[in-house]
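Letters A, B, ... are given to chains in the order of the sequence lines, protein chains preceding strands, and every chain is numbered from 1.
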Amino acid sequence: MYNFREIENKWQKKWYEEATFKVEMDKNKEKYYVLVEFPYPSGTGLHVGHARVYSASDVLARYKKSKGFNVLFPMGWDAFGAPAEQYAIKNHIYPREAVEENIKVFKGQMQSLGLSIDWSREYSTTDPEYYKWTQWQFLQFYKAGLAYKDEKEINWCPKCKMGLSNEDAQGGVCERCGTKTTKKLKNQWLLRMSDYAEKLLAGLDDTNFFDKVKLAQINWIGKSVGASVIFKLKDTDDVIEVFTTRCDTLFGATYMVLSPEHKYLDKYRDLIKNIKEVDEYREYAKSKSDIERTDITKEKTGVEIDGLRAIHPITGEELPIWISDYVLASYGTGAVMGVPAHDERDYEFATKFGIKIIPVIDGGDISKEAYTGDGLHINSDFLDGLDKETAILKMTKYLEDNNIGDSKVNYRLQDWIFSRQRFWGEPIPMIHCDKCGWVPVPEEELPVLLPDVESYEPTDTGESPLANVPEWVNTTCPHCGGKAERETDTMPNWAGSSWYWLRYMDPHNDKKLADMDKLKYWGKVDLYDGGMEHATRHLLYARFWNIFLHEQGIVPNSEPFDTRISHGMILGSNGEKMSKSKGNVVNPNDMVRDYGADALRVYEMFIGDYTKDAAWNENGLKGCKKFLDRVYRTKDKLNDSLEYTKDMENLIHKTIKKVGYDIEHLAYNTAVSSLMILINEYDKHDTVSRADYRLLLQLLNPFAPHMTEELNEICNLGDAFSESVWPEYDESKTIDDMLEIGVQVNGKLRATITVAKDSSKELLESEAMKQDNVKKNIEGKDIVKTIVVPNRIVNIVVK
RNA sequence: GCCAGCCUGGCGGAAUGGUAGACGCGGUGGACUCAAAAUCCACUAUCAGUGAUGAUGUGAGGGUUCAAGUCCCUUGGCUGGUACCA
């Protein structure tokens, strides 16, 4: 219909060359910061799902700009990490080159969508100028005592030969390759994120995240309020401390369970008479992957420790001690008290091994299952007759008074395993000296550059490939000047993305990670858009990191993001997730080629609720192209008027109001729909005014920026939209003078009447009664009452 | 298992408790054309009826209300997250 390719190229070139969307700090203007998760530049390029997200952010950015905001809409590349390394290994090129290649493709794709990104702020996390500051921030963690090295049982992916954080090994499988993870004892760098559990929870109140995002974070942090209880270990000076949320059931505790990794098993080897059997069980537990271990459908297993007994802290009774893998070393104290009557897992265990079951709460049938509900306590001495809540309070007090326990809070959140045995990551800037121990690289020596090497494939020993580069590893101790070695582990690829939004504010600063004045001006990200898959990991890491920087006085706000939304996915036309293997991937390049970027953008905004998934349908895209063609053709029927056409004025004002409201509320689909309604109205007229046309183009501009700018220019309608202000609407003109309202009889629609706005109840009622079909339906019946809601409805209730 | 979200025409989807199905796709019929494409017009939830109209209808079953897709209870299914977390 029109040459979209030529038009789009023209404007994209102009925007890029003239840096139309470059922004600078301007304290006279209110800022607005739109952030989309920066992409991982993989070898496959963007698909239409990405295009939807970038288009939506661009609509908002362009709209906010025309509303007078100083809009920061940046883009960069999250390019460290295993996938880039694997891509490089597979294609036999250096990771650095692979990344550069992929970035070129991604950037080209983004530019072909006509995004209003300020490209002067572009960077990659793999740029030494950037990772210098990632390393610098690691040193701040270290200096604050929040980075430490520890021999830890970690999640280990045998295929990737790499340690994984809990977040990366969800469900007991490797996030990257899906292989079942095993445990491996390794010396690793960790960040004390668990110390920040409470701050991460509390900080959520200071955000406007989507509720489901907040909830995902709350669940991941997993705060649980309870008490610790101390049991004496018979014939020793040691105690077994357990964590429980149900200290009120203490009188029902009939045994103890230690996790197979518990330290007492080594410490008291000599007291354990069946040590061989115990060792065998520990070996068996170790050999199992997390996923097997935590499969709740499997039967409980365990071994009673012959030779160790615990003393019940109140009754003084001796309790048997078992080991079982249903108790996790990583949660609580790695030991539990077994209360089979009121805990499902304990019940299952006790019934299998014939352990005594004492009910301490009235209710349920203990011969069938554990009773986990509330009820009055029995068999519980001073708790008898109390309900759960009261009993917990009383027991906690008793534990404290008698020094056998304490109220306690436990979190599921653990420290962040920060080491990766990989080449393609930020080197951890630490040096090990036999004399001085771990010594940080002096800040003025940053960045610690990745060396150019021949082989960056993972080693079989589980060590980083960097360990094979002696000229890089061997160095001198910054402290004593003696012989020393560099840390060969690198950071996880979550590191670079844990502060990237800060760098956009001042991307080329070589003195600081960013200037404080600029950090203060741009402040928090106003709207942060990303996938639900990052609602726990990335978002928690980023918040943790930012809270820490704030405490160090490096950034002005504790919370980095104001509103966090999560977009839906674009599914294939078969309704399934787009993937190469299913052959349902749609490439935005093809769509831009066949229909134009404007049409693609409009369709992706029109496809459905932005926060929900939607299936791709190329016919829908064709429909949007048709809509744009109609907008384009309208240029041939302009009259000379510079005012809105009288009989369309109302609709125009309504549309201005609706499109603005919808963009601010992420209701892009209904915004597009109201523009379609507007063009439908224009089409009914033989001519439209220049004002009508300019208005339509302006409202459509955030969605279809190229053709609207072009039409505006060739029709000579006014300033370029990239520099103009969003139109105002007149509230009084958004209201119709005449309304059509429904008349119901017994709640069923029987007629509609057209009346003046704000007609009186009396008039509405009498008009309603005049309708033939209403008369027919109330004939011979008694009118019980008549409900008249002005401007809305008339409902006549008859019997 | 637990937590969250979702379920509306043939399809994608609209609906501050107030005329369910806006808008788009698809479909049917027509105009234009030698013909096709493009474009334009009309119709298009289902059933009955030429029609006026009537009945049914937002996963299912109850309830609140003059009025329920929307609020409450019960329940089914789908999707996502998470899981021996003591």
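- A heavy atom closer than 4.0 Å to some atom of RNA chain B occurs in A:Gln744, A:Lys748, A:Leu749, A:Arg750, A:Thr752, these being the qualifying members of residues 744-756 of chain A.
- Side-chain proximity of A:Phe243 to B:G12, B:A86, B:C66: nearest is B:A86.
- The side chain of A:Asp609 lies closest to B:A14 when the candidates are B:C85, B:C40, B:A14.
- Side-chain atoms of A:Lys300 lie closest to B:C84 of the nucleotides B:C40, B:C84, B:A86.
- When heavy atoms are screened at a 4.0 angstrom cut-off, A:Val789 is found touching base atoms of the nucleic acid.
- Phosphate contact (OP1/OP2 of B:C84, side-chain N/O of A:Ser324, threshold under 4.0 Å): absent.
- Qualifying side chain to side chain contact (heavy atoms under 4.5 Å, CB included) partners for A:Lys626, counting only residues two or more places apart in sequence or in other chains: none.
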> Using a cut-off of 4.0 Å between protein heavy atoms and nucleotide atoms, how would you tag nucleotides 3-10 of chain B 5' to 3' with B, S and -?
Replying inline: SS-S----
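- Each of B:G18, B:C85, B:C40 was ranked by its minimum atom distance to the side chain of A:Ile787; first place goes to B:G18.
- The heavy-atom pair separating A:Ala335 from A:Ile240 by the smallest distance is CB-CG2, 3.8 Å.
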> What pattern of brackets, bars and dots sums up RNA chain B from 5' to 3', given Watson-Crick or G-U wobble pairs under 3.5 Å, [ ] for crossing pairs and | for another strand?
Replying inline: (((((((..(((.....[....)))((((((.......))))))((((....))))..(((((..]....))))))))))))....
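- The A:Arg630 side chain lies nearest to B:G24 when the options are B:G24, B:G18, B:C84.
- Non-hydrogen atoms lying under 4.0 Å from RNA chain B are contributed by A:Asn669, A:Thr670, all within residues 650-671 of chain A.
- The residue A:Asp772 sits apart from the nucleic acid: no heavy atom pair falls under 4.0 Å.
- In this structure, B:G62 is classed as anti because its glycosidic torsion departs from zero by more than 90°.
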Between side-chain atoms of residues 737-749 of chain A and protein atoms elsewhere (two or more places apart, or another chain), which donor-acceptor pairs fall under 3.5 Å?
from     : atom 1 : to       : atom 2 : distance (Å)
A:Asn746 : OD1    : A:Val798 : N      : 2.9
A:Asn746 : ND2    : A:Val798 : O      : 3.4

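- For A:Arg412, a side-chain nitrogen or oxygen approaches OP1 or OP2 of B:A83 to under 4.0 Å.
- With sequence neighbours excluded, the residues satisfying ring-ring contact (aromatic ring centres under 6.0 Å, His included) with A:Phe349 are A:Tyr255, A:Trp322, A:Tyr326, A:Phe353.
- For A:His47, the ring-ring contact (aromatic ring centres under 6.0 Å, His included) criterion is met by A:His50, not counting sequence neighbours.
- Taking the salt bridge (charged side-chain N to carboxylate O under 4.0 Å, His left out) definition, one finds that A:Lys388 meets it with nothing, sequence neighbours left out.
- Using a 4.0 Å heavy-atom distance criterion, A:Asp613 is classed as a sugar-phosphate-only contact.
- A distance-only check finds no donor-acceptor pair linking the side chain of A:His567 to the backbone of A:Met532 [under 3.5 Å].
- Listed for the A:Thr254 side chain is a donor-acceptor partner under 3.5 Å among the backbone atoms of A:Lys356.
- Comparing B:G54, B:A86, B:C25 by their closest approach to the side chain of A:Val336 singles out B:A86.
- Counting non-hydrogen atoms under 4.0 angstrom, A:Gly623 reaches the backbone sugars and phosphates but no base.
- Evaluation of the side chain to side chain contact (heavy atoms under 4.5 Å, CB included) rule for A:Lys785 yields A:Ile787, A:Val797 as partners, not counting sequence neighbours.
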>> What verdict does the ring-ring contact (aromatic ring centres under 6.0 Å, His included) test give for A:Phe606 and A:Tyr603, after you've listed the backbone C-alpha separation in whole Å, the side-chain angles of each residue and the deciding distance to 0.1 Å?
In response: CA-CA 5 Å; A:Phe606 184 62; A:Tyr603 174 55; 7.5 Å; no
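- Residue A:Glu731 places its CD atom among more than 12 non-hydrogen atoms of other residues, nucleotides or ligands, all under 6.0 Å distant.
- Heavy-atom neighbours of A:Lys637 NZ from other residues, nucleotides or ligands within 6.0 Å: above the threshold of 12.
- Residues meeting the side chain to side chain contact (heavy atoms under 4.5 Å, CB included) test with A:Ala51, sequence neighbours left out: A:Leu113, A:Pro588, A:Glu604.
- Taking the side chain to side chain contact (heavy atoms under 4.5 Å, CB included) definition, one finds that A:Phe243 meets it with A:Ser224, A:Thr245, A:Tyr331, A:Lys408, A:Asn410, sequence neighbours left out.
- Of the two residues near RNA chain B, A:Val672 and A:Val797, the one whose nearest nucleotide lies more 5' is A:Val672.
- Closest to the side chain of A:Tyr326, from the set B:A86, B:C84, B:G13, is B:C84.
- A pairwise comparison of heavy atoms in A:Asp325 and A:Ala285 identifies CB-CB, 4.3 Å as the closest pair.
- Each of A:Met532 and A:Thr244 has a nearest nucleotide on RNA chain B; the 5'-most of these lies closest to A:Met532.
- In this structure, A:Asn680 does not reach the B:A22 phosphate: none of its side-chain N or O atoms is under 4.0 Å from OP1 or OP2.
- Proximity note for A:Asn617 (side chain, C-beta onward) versus B:C66, B:C25, B:G13: the nearest is B:C25.
- Counting atom types as modelled, A:Asn619 pairs no side-chain N or O with a base atom of B:C25 as donor and acceptor under 3.5 Å.
- Side-chain atoms of A:Met676 lie closest to B:C23 of the nucleotides B:C40, B:C23, B:A86.
- Note on A:Lys626: a side-chain N or O is less than 4.0 Å away from OP1 or OP2 of B:C25.
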